[in-house]
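To start, the structure itself, in structure tokens.
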Amino acid sequence: MEAVEKLTTCYRKLAGSDPEGIWFAPGRVNLIGEHTDYNDGFVLPFALEQRALIAAGHRDDGLIVMHAADLSETMEVSLSALAPGQGSWAAYLAGVLWVLREAGHQVGAVTLALTSDVPLGAGLSSSAAIECAVMAAMCDLFSLSIAPMERAQLAQRAENVYVGAPTGLLDQAASTLCRNGHGLFLDCRTLETTDVPLPLHDQGFEILVLDTHSPHSHIDGEYGERRATCEQAAKILGVRALRDVTDLDAALSRLPDTQMRRRVRHVVSENERTHAALDLARKGLLSELPRLLNESHISMREDYEITVPTVDLAVETALTHGAFGARMTGGGFGGCIIAWCSTGQANRIGSAIHEAFEKAGFQKPSWFTATPSGGAGRLS
């Protein structure tokens with residue numbers, strides 16, 4: 001495996017010896033369930049084959065020495081000097097040691113070498129993959145008994161507090177808990193999870209993931225405005241969160257303006273679609289899932305207003321060239337789409353989107369076929 005050899009060579013140069021092990025954690029894509037997480041709702045991601053790899057071993061000098069093989073950069077920090085707000089790529093590694101030590105776990109000095117093939121800036125959780133790979137390495141190296149969901153929560157805290165990025169738990173949960181060939185249905189309130197079988201190949205399907213390379217202007221003001229509107233609507237409706245709305249029509253009739261009604265309709269209907277996806281997958285009816293993807297995209301476009309022209313063109317082109325269903329995935333305002341295709345058709349549909357982007361004067365997209373994969377673990 002070329003990446004492992006590259007990583008091992010880098011580690012030897014840093015530490016003068018072979019690593020004590022190599023650990024991995026994947027990126028993820030969200031099949032359905034968008035902007036439901038902060039409304040105590042439901043999400044259904046799956047882990048990707050693309051993953052971060054960490055070579056790690058003990059040190060005896062009180063330092064954390066970190067090397068990014070893809071950048072040819074090395075950084076080091078003293079264990080005693082770990083503190084939130086330390087920027088750069090190294091924060092995603094050092095932050096995991098900080099959060100473990102803050103939680104009372106005995107974690108010492110280490111050498112860490114990193115490589116990753118999770119696309120950066122595409123909304124596929126490249127940062128969570130790094131954090132969860134480091135978490136897996138530290139738990140093994142220091143014999144820490146930490147349950148998988150707690151590992152995900154600690155990794156999320158590292159990103160929220162140490163790095164300073166306000167992500168939800170979806171990313172780290174998927175990167176840690178997913179199983180091969182399955183999605184992960186997550187209740188964002190109770191943190192209960194359900195493995196969702198996705199035997200795509202067996203039923204003649206594959207999933208295209210296409211990065212539109214739009215300026216991913218995940219505008220803080222836009223995101224914050226939608227979240228605030230949802231919280232205000234919940235107060236008006238007298239519920240803890242929008243996941244508690246059971247009669248959508250009655251709820252909409254009580255809301256004061258059209259925009260708030262549209263926002264609430266998206267969240268409530270998206271939760272329903274995510275539950276429906278769980279039910280269909282449990283019954284093995286994967287051919288009925290694409291309809292839910294289409295409905296989700298329309299809802300994000302019309303009610304939540306978080307799509308952009310590149311994303312909409314990609315979805316429309318995928319559908320006109322044979323995809324059964326397609327939608328934007330992720331927080332919105334750019335990023336990736338997914339398209340549900342017949343086996344062997346994803347690359348052809350990606351090429352059709354490329355041609356449509358050229359005609360429209362958009363930046364060239366990139367794409368791959370996704371395989372639902374397993375969560376973090378030890379490679380060697």
Side-chain angles (χ1 to χ4, degrees), residues 4 7-8 10-26 51-69 74-116 125 127-165 167 169 171-177 191 193 374-380:
V4 171
L7 201 58
T8 300
C10 290
Y11 186 94
R12 287 189 190 120
K13 291 179 180 178
L14 287 175
S17 63
D18 284 343
E20 293 176 49
I22 294 177
W23 290 261
F24 70 90
R51 55 195 182 177
L53 298 179
I54 292 286
H58 292 86
R59 298 181 66 89
D60 58 8
D61 57 3
L63 294 177
I64 307 169
V65 177
M66 299 163 283
H67 179 78
T74 302
M75 297 188 70
E76 64 179 51
V77 61
S78 169
L79 275 171
S80 60
L82 288 173
Q86 297 172 340
S88 87
W89 58 266
Y92 295 99
L93 290 78
V96 174
L97 280 85
W98 172 83
V99 79
L100 285 168
R101 289 166 63 86
E102 187 199 42
H105 297 288
Q106 298 300 310
V107 175
V110 289
T111 299
L112 302 171
L114 162 70
T115 186
S116 178
S125 298
S127 59
I130 295 169
E131 293 151 0
C132 294
V134 175
M135 181 66 68
M138 294 305 97
C139 287
D140 283 355
L141 282 180
F142 295 98
S143 301
L144 306 179
S145 180
I146 304 175
M149 183 57 79
E150 186 181 354
R151 293 187 186 194
Q153 290 174 297
L154 287 167
Q156 180 203 11
R157 178 167 172 75
E159 183 150 351
N160 290 170
V161 180
Y162 197 93
V163 177
T167 60
L169 185 60
D171 299 350
Q172 290 82 5
S175 189
T176 301
L177 281 83
L191 302 187
T193 61
R378 185 167 187 161
L379 195 63
S380 66

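Everything numeric here is computed off the predicted structure, so don't read it as measured data. Positions are given from 1, in the same order as the sequence printed here.
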Which value, rounded to the nearest 0.5 Å, describes the distance between [X] atom [atom1] and [Y] atom [atom2]?
X	Y	atom1	atom2	answer
Met149	Gln156	CE	CD	10.0 Å
Ile64	Leu82	CD1	CG	4.0 Å
His105	Ser145	NE2	OG	9.0 Å
Trp89	Ser127	CH2	OG	15.0 Å
Met135	Ser175	CE	OG	11.0 Å

* List the steps, then state whether side chain to side chain contact (heavy atoms under 4.5 Å, CB included) holds for Met138 with Ile54. => CA-CA 10 Å; Met138 294 305 97; Ile54 292 286; 6.0 Å; no
* To do: Could you list all the ring-ring contact (aromatic ring centres under 6.0 Å, His included) pairs where at least one residue sits in residues 142-162, not counting sequence neighbours?
  => His58-Phe142, Trp98-Tyr162
* To do: Look at the side chain of Tyr11 and the backbone N and O of Ile22, then say whether any donor-acceptor pair between them is shorter than 3.5 Å.
  => no
* To do: Report yes or no: does Thr176 contribute a side-chain atom to a donor-acceptor pair with the main-chain N or O of Gln172 at less than 3.5 Å?
  =>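 The answer is yes, because a donor-acceptor pair under 3.5 Å joins these two groups.
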If you take all heavy atoms of [X] and [Y], which pair is closest and at what distance?
X	Y	value
Leu141	Gly57	CD1-N, 4.0 Å
Glu131	Tyr92	OE2-CD2, 3.2 Å
Ala69	Thr115	CB-CB, 4.3 Å
Ala133	Ala25	N-CB, 3.3 Å
Leu191	Leu169	CD2-CD2, 3.5 Å
Cys132	Ala155	SG-CB, 4.1 Å

* Working for side chain to side chain contact (heavy atoms under 4.5 Å, CB included), residues Val96 and Val107 -> CA-CA 10 Å; Val96 174; Val107 175; over 6 Å; no
* salt bridge (Lys or Arg N to Asp or Glu O under 4.0 Å) partners of Asp61, counting only residues at least two apart ->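 In terms of salt bridge (Lys or Arg N to Asp or Glu O under 4.0 Å), with neighbours along the sequence ignored, Asp61 is linked to Arg59.
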* Which residues pass the salt bridge (Lys or Arg N to Asp or Glu O under 4.0 Å) test with Arg12, sequence neighbours left out? -> Asp18
Once salt bridge (Lys or Arg N to Asp or Glu O under 4.0 Å) is applied, what residue pairs with a partner in [range] remain, sequence neighbours excluded?
range	result
residues 80-106	Glu102-Arg157
residues 78-89	none
residues 139-153	none

* To do: Test Arg51 against Leu379 for side chain to side chain contact (heavy atoms under 4.5 Å, CB included), laying out the working first.
  => CA-CA 11 Å; Arg51 55 195 182 177; Leu379 195 63; 3.7 Å; yes
* Could you check Leu93 against Met75 for side chain to side chain contact (heavy atoms under 4.5 Å, CB included), going step by step and ending with a plain yes or no? => CA-CA 11 Å; Leu93 290 78; Met75 297 188 70; over 6 Å; no
* **Residue pair Thr111 / His67, side-chain heavy-atom distance below 4.5 Å** => no
* **Test applied, side-chain contact (heavy atoms from CB on, under 4.5 Å); reference residue, Val134; option that passes from Val110, Leu114, Leu97** =>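 The side-chain contact (heavy atoms from CB on, under 4.5 Å) with Val134 is passed solely by Leu97 among Val110, Leu114, Leu97.
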